[in-house]
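Here is how names work: the chains are called A, B, and so on, in the same order as the sequence lines, proteins then strands, and each is numbered from 1.
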Number of protein chains: 2
Amino acid sequence: MTTHDNDAYKPIATVDLAIFSLSPEGLAVLLVRRAGAPFSGDWALPGGWIHIDEDADLQAAARRVLKEKTGVETPYLEQLQTTGSAGRDPRGWSISIVYIALLSADDVAQRQDAMAGQAEWRAIEGEGVGLSLAFDHASLLREALGRIRSKVEYTNLPGHLLPARFTLSELQSVYESLLGRKLDKSAFRKRMAEADFLEPVEGEMRRASNRPAQMFRLKDAQSLVLFDRRI
Amino acid sequence: MTTHDNDAYKPIATVDLAIFSLSPEGLAVLLVRRAGAPFSGDWALPGGWIHIDEDADLQAAARRVLKEKTGVETPYLEQLQTTGSAGRDPRGWSISIVYIALLSADDVAQRQDAMAGQAEWRAIEGEGVGLSLAFDHASLLREALGRIRSKVEYTNLPGHLLPARFTLSELQSVYESLLGRKLDKSAFRKRMAEADFLEPVEGEMRRASNRPAQMFRLKDAQSLVLFDRRI
DNA sequence: CTAACTTAGTTGAAGATTTACACTAAGACT
DNA sequence: AGTCTTAGTGTAAATCTTCAACTAAGTTAG
C-alpha cells in the first residue's frame with residue numbers, strides 16, 4: 001500500500017499520566033524516576049508504551065499504567081491532550097497521549113505502601129513541582145494544572161480528591177485551597193445543592209467538640225458534574 | 001532496549017480533521033471519499049498519516065492535511081481528542097488524533113473550486129450527517145459536534161464561521177442557528193461587548209432597505225474568547 | 001449543671017444583574 | 001410625507017449575589 005506501512009515511518013506512542021491527590025501541603029502529583037535512557041534518573045510523569053496485544057484502547061492503556069503505579073483501578077480519569085513532535089524524544093518522532101487521574105484520599109491512604117520506591121508524591125508549587133522533569137513533562141504538567149484549576153471553577157472536580165465521605169465544610173476547604181481564595185458559605189452550599197451531585201449519608205455525622213456535621217458522598221464517583229455558573 | 005523498539009508493536013497513527021463551515025442549511029462538515037482500502041468508496045473525515053520527515057509536530061500535520069484538502073492556511077484550529085483501539089482500523093491497533101477546524105465563509109467562497117472532486121460539504125443533521133462514515137468517524141464527528149455546541153454557549157466560536165466582516169445581527173443569527181433557540185437582542189449585545197473580541201470597522205455599514213448596520217471584525221481571527229457567563 | 005466555646009447550617013437586607021419587552025433611530029420604498 | 005423594516009437603546013420587574021448576622025448542636029471548663 002503506502003510507504004507508511006514501513007514501520008520506520010511510524011511515530012512512537014506512549015500514554016502518560018498526571019495523577020493528582022491531596023497532600024497536607026495541597027495538591028500533589030505522582031512522579032517516577034526514569035530507570036533507563038533517555039533522561040535516566042530524572043523525574044517524570046508515570047507512563048508507558050501502548051501494549052497493542054494487551055490494551056483494548058487508549059483508556060485501557062491509561063488504566064493499566066495507573067494500576068501498575070498506584071494499584072488503583074477506578075479513579076476519575078480524563079484525557080487531557082496529545083502532544084507529538086519530532087524533537088520531544090531523542091529516539092524519534094513521538095506522541096504522548098496525556099491523561100489526568102484524580103485519586104481520592106482513601107485510595108492514597110490504602111496504597112501508599114504498595115507504591116514504595118516506585119513513585120513519589122510531590123506537592124504542586126505554582127505552575128509545577130520546582131523540579132526539572134524528563135522530556136516535555138514539565139510542560140504537560142503545566143497544561144494538566146491549567147485544566148484542573150479551570151475545572152475547579154465550574155465542576156465538582158474537588159469532590160474526587162476527598163475520601164469517599166466528607167462534610168460540606170471539608171469540600172469547601174478543598175475548593176478554597178485549589179482556588180486560592182475564600183468562598184462564601186451560603187453561596188457555596190447553594191451551588192452544591194443545585195449541582196445535585198452529592199447525597200447525604202443518612203445518620204453519619206462528623207463529630208468533634210462542636211455541632212456535628214452531616215457527611216456526604218458523591219452520587220457518581222467516576223463522573224464530573226458541570227455547574228450552571230462559576231462557583 | 002525494549003521489545004517495543006520492534007516496529008510491529010507500534011500502533012498506526014493518523015491525524016483526522018472535522019472541518020466545519022456554514023452552509024445555507026446551517027453547519028456543514030467537509031467529507032472526502034476514501035480512495036483505497038479499507039472502507040474504499042466510503043465517506044470519511046479528511047485525514048492522513050503523520051509524515052515524520054515533514055511534519056514538525058501534530059498541529060503542523062493537521063495544518064498540512066487542511067491545506068491539502070481546502071487550501072486554507074490559517075483557520076481556527078483546535079485539538080479535540082485522541083481515540084485509539086485495537087479494532088477501529090482493520091489494519092491494526094490505530095490511533096487517531098482529531099482536530100476541529102472552523103472555516104470562515106470567506107475561506108469557503110474562495111476555495112470552493114480548488115476543492116472540486118476532492119471533498120464535499122455535508123450539512124449537519126442532528127448528531128451527524130445522515131450517512132455512514134468509514135472507521136469510527138461517525139463517532140468522532142459526534143464528539144466534535146458536542147464540543148462545538150458546548151462552546152457556542154460560552155465562547156465567540158460562531159464568529160469564526162462568518163466572513164471577515166459581519167453585523168451583530170448576523171452574528172446573533174449564527175448563535176441562534178447553532179443553539180437552536182432565540183436569544184434576546186439586548187442581552188446578546190451586552191455579552192459581545194463585555195467579551196471584547198469585536199471591533200467596529202469604522203465607516204463600514206451593511207446597507208439594505210432599512211436602517212444601516214455597523215459592521216464588525218474579530219480582533220483576533222485565530223483565538224477563541226471565553227465569556228464570563230453562558231450566553 | 002450551666003455557661004462558654006466552636007463549628008454547622010440558615011436567614012435576610014442591600015445591591016447588582018438578568019430578563020422580557022417596548023421604545024427610538026435610520027434608512028429605503030411608495 | 002408616510003409606511004415599512006431592521007438597528008440599536010432603555011427600563012421595570014424579577015432574579016441572583018453578596019455580606020454579614022443569626023440560630024443550632026454538640027463538647028469542654030468551671
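At whole-Å resolution of the value, CD in A/E170 and P in C/dA8 are 8 Å apart. Atom CG in B/L168 sits about 16 Å away from atom C1' in C/dA25, given to the nearest Å. The interatomic distance linking A/K190 (NZ) with C/dG12 (P) rounds to 15 Å, in whole Å. Nucleotide C/dG9 holds its P atom 19 Å from the CZ atom of A/R191, rounded to whole Å. In this entry the distance linking CZ of A/F216 with C1' of C/dG9 reads 10 Å, nearest Å. Put simply, NZ on B/K185 is 15 Å from P on C/dA20, counting in whole angstrom units. A straight line from CZ of B/R206 to P of D/dG8 spans 11 Å, rounded to a whole angstrom. Atom P of nucleotide C/dT18 and atom CG of B/L183 are separated by 14 Å, given to the nearest angstrom.
Of the candidates C/dG27, C/dT7, C/dG9, the closest approach to any side-chain atom of A/A213 belongs to C/dG9. Listed nucleotides D/dT9, D/dT18, C/dT6 differ in distance to A/N210; the shortest reach to its side chain belongs to C/dT6.
Contact annotation: A/S169 reaches the phosphate of C/dA8 (side-chain N/O to OP1 or OP2, under 4.0 Å). B/R229 has no side-chain polar atom (N or O) that falls below the 4.0 Å cut-off from OP1 or OP2 of C/dT17.
Side-chain atoms of A/R211 and base atoms of C/dA8 include a donor and an acceptor less than 3.5 Å apart. With hydrogens and angles ignored, no donor-acceptor pair under 3.5 angstrom links the side chain of B/S209 to the base of D/dC4.
Ion pair A/E78/A/K151 flagged as a salt bridge, since at least one NZ, NE, NH1 or NH2 atom sits closer than 4.0 Å to an Asp/Glu carboxylate oxygen. One finds a salt bridge joining B/R217 and B/E199 here, because a Lys/Arg side-chain nitrogen approaches an Asp/Glu carboxylate oxygen to under 4.0 Å.
Looking at A/T14 and A/D16, their side chains do bring a donor and an acceptor atom within 3.5 Å of each other.
Between B/K219 and the options B/L198, B/N156, B/D196, a side-chain contact (heavy atoms from CB on, under 4.5 Å) holds for only B/D196.
If you find the closest nucleotide of DNA chain D to B/T167 and to A/D184, the one lying nearer the 5' end belongs to B/T167. Residue-to-nucleotide proximity on DNA chain C shows that, of B/A208 and B/A187, the 5′-proximal contact is made by B/A187.
Remark: side-chain polar atoms of A/H160 are paired, donor with acceptor, to backbone N or O of A/S223 under 3.5 angstrom.
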